[in-house]
Amino acid sequence: MSTDKGTPRRKSADWGLQKYLLTGVAATSVAIIFLIILFIFLESIDAVIDIGLWDFVSGMTWNWEQDKYGAFPIIIGTVLTTAGALIIAVPLGLTAATYLSEIASERTRNILKPICEVFAGIPSIIYGFFGLMVIVPFIFNTFPDLAPAGLSWLAASILLGFMALPTIISVSDDAMRAVPRSYREASVAVGATHWETTRKVVIPAAFSGISAAVMLGMGRAIGETMAVVMVAGKVSNIPDPLWNIFDMVNPITSVLATETGEASGLHLAALFLLALVLMAMVLLVNVLANIIMKNTKKKFETGQSMMEKHIPEKLKGLISPAKRMVMLSSVFLFVMLMASLLLSLGVSASIAFLCVLFIVAMPHISKRIKPLDRQKVAHSVMTSSMVAVVIILIILVSDIVIKGVPSLSWEFLTDVPRDMGKSGGILPAIVGTIELIAGTALIAIPLGVLTGIYLSEFARDSKFTRIVRSSMNILSGTPSIVFGLFGYALFFHYLGIGRTLIGGCIVLAFLVLPVIIRTTEETVKAVPQDLREASAAMGASKWETTMRVIVPAAMGGVVTGVILSLGRAAGETAPIMFVAAATILRNINFSLFDSVMALPYYLYYLTEVPGSSATRYGVALVLMIIVLSMFALASWVRYHYSKKVRW
Amino acid sequence: MILAIAVVGIVCLAGGYMIGSSTSDKEGAATIFAEGSTTVAPLMNKYAEIYEGYENVRIEVIANGSQNGVDAANSGNADIGMSSRNKGHSSHAGLTETKIATDTVVLIVGSNAGITSLTKHQIIDIYNGTITNWNQVGGNNATIVVVDRDQGSGTRSYFEESFASTTTPAKTLNSTRSWTSMAATGAVISYVESNPNAIAYVSLGSLTTNAEKNMALSLNMNNVEGSGTAVSPISDLSNYPLKRDLVLLTKGTPTGKIAMFIGWMLSPEGQKIAEEVGFLPL
C-alpha cells in the first residue's frame, strides 16, 4: 500500500500505546478469521479419513441413520437449483438492468434503484415463507400430476431466482453505467439508434461486468438456505429424468439446515465436509467474478478501445458457425427437454424446432423492420422486464403486508406467545432480536472498524496482509448456514453450553465481521490522499491524522456499511437456529447464558404450528419492518453524509 | 471516538446484565430444559404455560424430534428428553423413563383424496410406491402425495415398526422412491391441510380443530388382505390400533424442581390437561 507515501515519519513513541492497541485488535480479528476456517477444515478431516473424499463426492445414498454419506445427489441438487435460478433471473435481470441503465429517465431511476435495494434487503426466511404459503400451493394446483407435492426443484429455483435478481440487476446496471459516455456519443454520431448503441456498444463494452453480475447472483443462490429448505422437498435423489424440474431435491444448504441440530460424530464431520464443498463452490464463483471485474476496471482505466478491438471480436465469435451450431442445438435440446415434461416427445420436438427456426429467422425478420420500430420493440421488452420485477416485489410485499396488518395490535407487540404461538404476542421475540443485534454490534463494530482502519492506514502490503484479505473474502462469501454449523459444533460439542444469547451474538458477529472490515477498509482508503498530506503538512502524527481527519471523513460510509450488515444479521435465521434461538419463551431473557427468541426463527417455527397463519404473517411483517427500517436508516446516513462531506 | 463508543457500550451492557441477572437472581427462576419429540412438544408447551404460573420456574421447550430428546438427555443439554417411542425402546437404554400419556398415531389425508378408510395393505403399498393414485384405493383420480417424517422422528420409527411386514401376502415399506420429509408433526399437518392430495401419519393429539380431526382415516390393521374391519380413531378410539407411549427421559431419577414438575404432570390436574390436548391419560 502506498498510503503512507509522503507522510513524514515521527517518533513512533507518539502513538506507541494506540499502535499496540490497534495492532492487537486487528490481530484478534485476523486470528478469528483464520480460526474459523481452520476449525471447519479440522472438523471435516474425520469424514475425509472415514468416508474418503471420492466416496463422499460420488456416493449416491445419504442416510445418517445408516451412516451412509454419499453426497453426489445433494451436490447435484445445489447445482440444479442454482442453474434453474439463473435461467429465471438472468434474462429478467439483464433486461431490467438494461432498462434501468439505458432507458429509464433519471427520475424513474431514482425510484427504481431503491426498490431493487428493498428487494435485496428482504430476509431469506421471508422469501421461504412466501414460497411455502404462495408458490408451493400455486405449483401443486397448476401441475397436479407433475408436481403433486408442490415442493420441488422448480419452487426452489423460482425463489432463488427472485433472490438473485437484485444482485444481477444492480451490478450489471453499474457495469453499463460505467461505459464511458464517449462510446455512446460516438455510436450515435455515426447514425446508430439508441437501441443499436445499447446492443452493439454498451452491452459488449460492459460484457465482463455483466458476467460478473451473473456470477455474484449465482454465488448468492448457491448459499441460500432458509428459502431452499422450506420449498425444495428434502429428497436426496437426483431428479428423474435429470431435467425434471418438478422433482424434489435436497441441496447442500437444505441438508445442513435439516440435520445440523441432531448431528454428532461422523455425521457432524460429514456435514462439515459438505459445508466445505459448499464454500468451495461459492469461492470458485466469487473468484471468477472478481477476476472478471478486475479485468473490466483495467480495460477502462487503460482506455483500451472498444470500437477497434472488442466488438468485431465478439461479433466474429457469435457468427462463427461452430459456436452458432452449438448454441442452436442447446436451445433445441433445452426447449425439447422442458416441453417433454408436459407434452409428448413428438410435440415437444416440433416446438423446439419452431424455436430454433424463430432464432434463425430472427435477423432476417428484424432486417425488414425499420430501425426505429425495432428500437420500440426492444425497449418495450426491457420495460416490461422491469415492470415484471417490480410486480414480483409488489406481490411479495403486499402479500405479507395485507395478511400481516390485521394481526398487528398493541397486544401482539407487547404480550408473550400463548397457545404454542397461535395467539398472544411476540414481545420476547422482538426483544430477543434487538438483544442479538446489540450484542453483535458490540462485538463486531469495535473489532471490524478498527481492523479495517488498521488494514487501510497502517498495514504494510505484504504476503501476510494479502493472505488476510483473501481469507476475509472467503469468509464474507461463506453461506450463513456454515456459521450455524460452526457455532453448533463450537457451543454444543466443545463448550457444552447449549443455546445461549452470547453464542448467537458471537456467531452473528463472526458472520458480519469480514463485511464490516472490508467496507471500513474500502471507505477509509477512498478518502483522498490530499487530506492525509495536508494533515501531515500541519505536523499531525499518523495517528492524529487517521483519527482526526481520515476516520471522520470516512464516517458516513463506515456507518452505512455497519448498519447494512447489522440489518442483514437481524434477518438471519440459519446461523442462530442451532446456537441461540428458542422456539417459545414466555418471559424476556436478560441473561447472556440463556437462549432467546428471535423473530426469524420464530417465523420458521410457526410454519410448523398448524392454525398459526395469522401470527405467522404478523411476525413476517414485523421482521420485514425492522430489517427494512435499518436499511432505510443506512440510506439516510449515506445521504446525510454525502451532503456534508465533499471532496 | 469509536473506541470511546465501544467502551461506553461495553460498560452499559455489562451494567445492564448485572442488573438483569441480579433481579433474576432475586426471583430465583430456575430454567428447566425439555427437548425432543415434536409430538410431545405441544403438550409440554401447554404444561409449561400453566406450570410457570404455579412455580417460579422458566421452562424451555425445544421440539426437534425424539432422537434429539434421547441425545440431549444423555448429554445433559436438556433436563428432560421427550420421546414418542414406546417405553422400553432400545434407544432409551441408560435413561430413566416416565410415561406421561398414551398417544394415537393416525393417517391423515387431504380434502381431495375421496376416502375415509384404508387397510394396512393399502398403506404399505402407498408408502412403498406401488399405489400412486387415489382411485386405486377407491378415491378420486389424483396423484397421491406421500409425506414422510425426517430421520430421528419417534413417530416415523413407530410408523415403520407398526407397518413392518407381518402381512399376508408379505409386503415391505421399502420404497424405490423417496418422499418428501418434514421436520415436525405440525409442519406435516399444515402441509396436508393445504395440499388436497396428500397423505401423512401424525399424532392424534396434535390434531386440535375439528377440521384437522376430520382428516384422520379409519384404519383396518388386519394382516390378512381382504379381512377385518376399519376402526375410526375419532368415534371408536378405544378399539383403534396404533397406540404408543409418550415418555419423558431423565438421566437418573429426577430430583428437585424437575421431579416436582413431572410429578405434577402425573397428578389428576396434569393428566386432565393431557386429555384436553388430545392424548389418552394414564
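Letters go in sequence order (proteins before strands), and every chain restarts at 1.
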Between [X] and [Y], which heavy-atom pair has the shortest distance, and what is it?
X      : Y      : answer
A/F492 : B/N77  : CD2-ND2, 3.4 Å
B/S190 : A/P610 : OG-CA, 3.3 Å
A/V136 : B/Y191 : CG1-CE1, 4.4 Å
A/A582 : B/E60  : CB-OE2, 3.5 Å

*Choice from A/M420, A/M133, A/R586 maximising heavy atom contacts with chain B below 4.5 Å*: A/R586
*Counting heavy-atom pairs under 4.5 Å to chain B, which of A/G496, A/P137, A/S595 comes out on top?*
A/S595
Against chain B, label [X] side chain, backbone, both or neither, depending on which of its atoms sit under 4.5 Å from a heavy atom there.
X      : value
A/N237 : side chain
A/N63  : both
A/R499 : side chain
A/Y605 : side chain

_Min side-chain heavy-atom separation B/T38-A/E608 under 4.5 Å_ = no
*Can you find a pair of side-chain heavy atoms, one from B/M182 and one from A/L151, that are under 4.5 Å apart?*
yes
*Say you draw a straight line from CG of A/D594 to CZ of B/R58; how long is it, rounded to the nearest 0.5 Å?*
4.0 Å
_Nearest 0.5 Å, please: how far is CG in A/N250 from OG in B/S181?_
7.0 Å
*asked:* Let's test your reading of the structure: which of B/L207, B/V188, B/N68 forms the most heavy-atom pairs below 4.5 Å with chain A?
replied: B/N68
For chain A, which residues of [range] have at least one non-hydrogen atom nearer than 4.5 Å to it?
range                       : answer
residues 142-156 of chain B : B/T143, B/V145, B/D150, B/Q151, B/G152
residues 42-50 of chain B   : B/P42, B/N45, B/K46, B/A48, B/E49
residues 194-203 of chain B : B/S194, B/N195, B/P196

*Could I get the full list of side chain to side chain donor-acceptor pair (under 3.5 Å) partners for B/T180, not counting sequence neighbours?*
none
*Do A/T258 side-chain atoms and B/A183 backbone N/O form a donor-acceptor pair below 3.5 Å?*
no
